[in-house]
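To start, the structure under review is shown below, and the notes come after it.
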Amino acid sequence: MIIDDPKTLAEVTAAFHDYERALMEDDVPAMDRLFADAPTTVRYGVGEVLYGADEIRAFRKGRGGSPQRRLGRVAITTYGDGFATANVEFFREGSDRRGRQSQAWVRFPDGWKVVSAHVSIEGATS
């Protein structure tokens, strides 16, 4: 297995940045396209636990946009040509508390999709 094949890494990195752009613009259809449309897709947020694409979509539609943020360190690693992880530090506007985001990406016939995501803020209790 090749770790961090340059072509695969470039593809996942582009998909990751497409998701980040959609998140900051509250482009719900784009975010939905970048998450696997499956009951097995999971997203744990700072204050929510979502199982399946339907729950994730409903959350996004009702949220009214993500708090704006700037990215810190981004670590994307590919494993072969079909699986990758993205681990990110971020800082919300007006706060110096570090947030963390982990995503597992899988290549599907129609492109790279997140199958699992976890978001947390250091020191947050909910």
Side-chain angles (χ1 to χ4, degrees):
M1 172 188 328
I2 298 173
I3 295 176
D4 287 342
D5 169 71
K7 180 178 183 273
T8 305
L9 184 59
E11 291 171 0
V12 176
T13 300
F16 167 81
H17 286 293
D18 286 346
Y19 178 76
E20 183 67 19
R21 185 172 29 262
L23 181 66
M24 292 297 95
E25 295 174 0
D26 195 30
D27 184 346
V28 173
M31 286 186 280
D32 287 345
R33 282 191 303 274
L34 289 162
F35 265 59
D37 187 7
T40 53
T41 302
V42 176
R43 181 187 178 278
Y44 295 155
V46 175
E48 65 281 351
V49 175
L50 307 168
Y51 289 94
D54 290 341
E55 288 185 16
I56 295 167
R57 273 193 292 275
F59 166 75
R60 286 190 179 130
K61 287 178 185 174
R63 174 164 73 170
S66 174
Q68 294 298 294
R69 67 188 194 177
R70 67 176 170 78
L71 297 182
R73 186 170 181 180
V74 176
I76 298 173
T77 305
T78 64
Y79 302 88
D81 64 358
F83 182 78
T85 59
N87 293 282
V88 181
E89 297 176 17
F90 65 86
F91 300 88
R92 288 184 173 169
E93 281 187 2
S95 175
D96 58 358
R97 286 191 357 198
R98 179 174 42 196
R100 294 142 320 183
Q101 173 181 293
S102 299
Q103 299 170 327
W105 290 80
V106 172
R107 181 196 301 271
F108 289 90
D110 60 340
W112 286 96
K113 311 279 183 182
V114 175
V115 296
S116 179
H118 190 149
V119 181
S120 62
I121 304 287
E122 286 183 342
T125 57
S126 63

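Nearest heavy atom pair, residue M1 against residue G80, reads CG-N, 3.3 Å. Listed here is the closest heavy atom pair of I76 and A86: CG1-CB, 3.9 Å. Closest of all the heavy-atom pairs between K113 and A36 is CB-N, 3.7 Å.
Remark: F35 pairs with Y19 by the ring pair (Phe, Tyr, Trp, His ring centres under 6.0 Å) rule, at least two apart or across chains. Partners of K7 according to the side chain to side chain donor-acceptor pair (under 3.5 Å) rule, which considers only residues two or more places apart in sequence or in another chain, are E11. For the side chain to side chain donor-acceptor pair (under 3.5 Å) test, no residue two or more places apart in sequence or in another chain qualifies with S66. Remark: Q68 pairs with M24, E93 by the side-chain contact (heavy atoms from CB on, under 4.5 Å) rule, at least two apart or across chains. Take D96 and apply the side-chain contact (heavy atoms from CB on, under 4.5 Å) test, not counting sequence neighbours, and it matches no residue. For A38, the side-chain contact (heavy atoms from CB on, under 4.5 Å) partners at least two apart in sequence or on another chain are T40, T41. Remark: R92 pairs with no residue by the side chain to side chain donor-acceptor pair (under 3.5 Å) rule, at least two apart or across chains. By the ring pair (Phe, Tyr, Trp, His ring centres under 6.0 Å) test, H17 is found to be paired with no residue, residues two or more places apart in sequence or in another chain being considered. Residues that satisfy the side chain to side chain donor-acceptor pair (under 3.5 Å) test with D4, not counting sequence neighbours, are absent from this structure. Judged as a salt bridge (charged side-chain N to carboxylate O under 4.0 Å, His left out), and not counting sequence neighbours, the contacts of E89 are R98.
Note that the OH atom of Y79 and the CD1 atom of I3 stand 6.0 Å from one another [nearest 0.5 Å]. Distance check, rounded to the nearest 0.5 Å: CH2 of W105 to OG1 of T85 gives 11.5 Å. Here OH of Y44 is found 15.5 Å from CD of Q101. Values are rounded to the nearest 0.5 Å.
Each salt bridge (charged side-chain N to carboxylate O under 4.0 Å, His left out) pair with one or both residues in residues 24-35, not counting sequence neighbours, appears once here: D32-R60. Residues in residues 63-85 take part in these salt bridge (charged side-chain N to carboxylate O under 4.0 Å, His left out) pairs, two or more places apart or across chains: E20-R69.
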### Task
Go through the steps for R100 and N87 under the test side-chain contact (heavy atoms from CB on, under 4.5 Å), then give the verdict.
CA-CA 7 Å; R100 294 142 320 183; N87 293 282; over 6 Å; no
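In terms of hydrophobic clustering, with Ile, Leu, Val, Met, Phe, Trp and Tyr side chains grouped at heavy-atom distances under 4.5 Å, L34 and V115 are assigned to different clusters. Both V114 and V28 are assigned to one and the same hydrophobic cluster, defined by single-linkage of ILVMFWY side chains at heavy-atom distances under 4.5 Å. A continuous path of ILVMFWY side-chain contacts below 4.5 Å connects V46 to L23, so both sit in one hydrophobic cluster. Cluster annotation: Y51 is not connected to M31 through the hydrophobic network of ILVMFWY side chains, with a link wherever side-chain heavy atoms come within less than 4.5 Å.
Residues W112 and T8 form a side-chain contact, since some pair of their non-hydrogen atoms from C-beta on lies under 4.5 Å apart. Between D37 and F108, the closest side-chain pair of non-hydrogen atoms is not below 4.5 Å. Counting only heavy atoms from C-beta outward, the side chains of F90 and I121 approach each other to under 4.5 Å.
Heavy atoms from other residues, nucleotides or ligands lying under 6.0 Å from CD1 of I2 number 12 at most.
For R43 and E48, the salt-bridge test passes: some basic side-chain N is under 4.0 Å from an acidic carboxylate O.
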